[in-house]
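We use all heavy atoms of the structure for the numbers below, so side chains are in, but hydrogens, waters and symmetry mates are not.
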Amino acid sequence: MKPKNHNETTGRYEDLFLLFAQRVEKALIVMLVILMMALAVLQLLLQHPQIRHLLVKVEQLEGNPYPSASSPAINRIRH
(Lines give C-alpha, C1' and ligand atoms only; values in the text may rest on other atoms or scores of the structure.)
Protein backbone atom coordinates (compact mmCIF):
# COMPACT_ATOMS: atom_id res chain seq x y z
CA MET A 1 0.00 0.00 0.00
CA LYS A 2 1.19 3.46 -0.84
CA PRO A 3 1.15 5.98 1.95
CA LYS A 4 -1.31 8.85 1.75
CA ASN A 5 1.58 11.31 1.73
CA HIS A 6 2.94 9.82 -1.54
CA ASN A 7 -0.07 11.05 -3.57
CA GLU A 8 0.29 14.55 -2.13
CA THR A 9 4.00 14.61 -2.95
CA THR A 10 3.40 13.38 -6.50
CA GLY A 11 0.64 15.94 -7.05
CA ARG A 12 2.85 18.76 -5.77
CA TYR A 13 5.73 17.63 -8.01
CA GLU A 14 3.43 17.63 -11.04
CA ASP A 15 2.18 21.11 -10.20
CA LEU A 16 5.75 22.40 -9.86
CA PHE A 17 6.75 20.72 -13.11
CA LEU A 18 3.81 22.26 -14.98
CA LEU A 19 4.68 25.68 -13.58
CA PHE A 20 8.29 25.25 -14.67
CA ALA A 21 7.25 23.99 -18.14
CA GLN A 22 4.94 26.97 -18.63
CA ARG A 23 7.74 29.40 -17.76
CA VAL A 24 10.19 27.68 -20.09
CA GLU A 25 7.60 27.62 -22.87
CA LYS A 26 6.91 31.33 -22.43
CA ALA A 27 10.65 32.12 -22.50
CA LEU A 28 11.13 30.04 -25.66
CA ILE A 29 8.25 31.80 -27.39
CA VAL A 30 9.67 35.23 -26.46
CA MET A 31 13.13 34.22 -27.73
CA LEU A 32 11.61 32.89 -30.97
CA VAL A 33 9.71 36.14 -31.56
CA ILE A 34 12.84 38.22 -30.87
CA LEU A 35 14.95 36.10 -33.23
CA MET A 36 12.32 36.27 -35.98
CA MET A 37 12.16 40.06 -35.63
CA ALA A 38 15.97 40.28 -35.75
CA LEU A 39 16.00 38.12 -38.86
CA ALA A 40 13.44 40.35 -40.57
CA VAL A 41 15.36 43.52 -39.65
CA LEU A 42 18.67 42.10 -40.89
CA GLN A 43 17.09 40.97 -44.14
CA LEU A 44 15.71 44.47 -44.64
CA LEU A 45 19.15 45.96 -43.91
CA LEU A 46 20.67 43.72 -46.58
CA GLN A 47 18.42 45.39 -49.14
CA HIS A 48 20.32 48.69 -48.68
CA PRO A 49 23.52 48.63 -50.83
CA GLN A 50 25.74 50.69 -48.49
CA ILE A 51 24.82 48.61 -45.45
CA ARG A 52 25.11 45.34 -47.40
CA HIS A 53 28.63 46.38 -48.40
CA LEU A 54 29.55 46.72 -44.71
CA LEU A 55 27.91 43.50 -43.55
CA VAL A 56 28.80 41.03 -46.31
CA LYS A 57 32.45 40.21 -47.03
CA VAL A 58 31.63 38.69 -50.43
CA GLU A 59 29.97 41.96 -51.45
CA GLN A 60 33.34 43.71 -50.99
CA LEU A 61 35.06 41.15 -53.24
CA GLU A 62 32.40 41.29 -55.96
CA GLY A 63 33.89 42.30 -59.28
CA ASN A 64 37.55 42.20 -58.16
CA PRO A 65 39.35 39.49 -60.17
CA TYR A 66 41.99 37.39 -58.49
CA PRO A 67 45.46 38.20 -59.84
CA SER A 68 47.04 35.43 -61.90
CA ALA A 69 50.72 34.53 -62.07
CA SER A 70 51.02 36.17 -65.52
CA SER A 71 49.29 39.36 -64.41
CA PRO A 72 51.23 42.57 -65.17
CA ALA A 73 50.70 43.76 -61.60
CA ILE A 74 52.43 40.66 -60.22
CA ASN A 75 55.28 40.98 -62.72
CA ARG A 76 55.83 44.62 -61.69
CA ILE A 77 56.07 43.59 -58.05
CA ARG A 78 58.59 40.85 -58.77
CA HIS A 79 60.97 43.13 -60.76
Note: with side-chain heavy atoms under 4.5 Å as the link, the other cluster members for Y13 come out as none
Taking L55 as the starting point, is it possible to reach V41 by hopping between hydrophobic residues whose side chains are less than 4.5 Å apart? yes
The remaining residues in the hydrophobic cluster of L54, counting side-chain heavy-atom contacts under 4.5 Å among Ile, Leu, Val, Met, Phe, Trp and Tyr, are none
The complete set of salt bridge (charged side-chain N to carboxylate O under 4.0 Å, His left out) pairs with one or both residues in residues 43-56, sequence neighbours excluded, reads R52-E59
Got a list of side-chain donor-acceptor pairs under 3.5 Å for residues 14-34, not counting sequence neighbours?
none

The remaining residues in the hydrophobic cluster of L39, counting side-chain heavy-atom contacts under 4.5 Å among Ile, Leu, Val, Met, Phe, Trp and Tyr, are none
Report, one line per pair, each donor and acceptor closer than 3.5 Å where one atom sits in a side chain of residues 42-50; sequence neighbours left out.
unit_1, atom_1, unit_2, atom_2, d
H48, ND1, Q50, OE1, 3.3

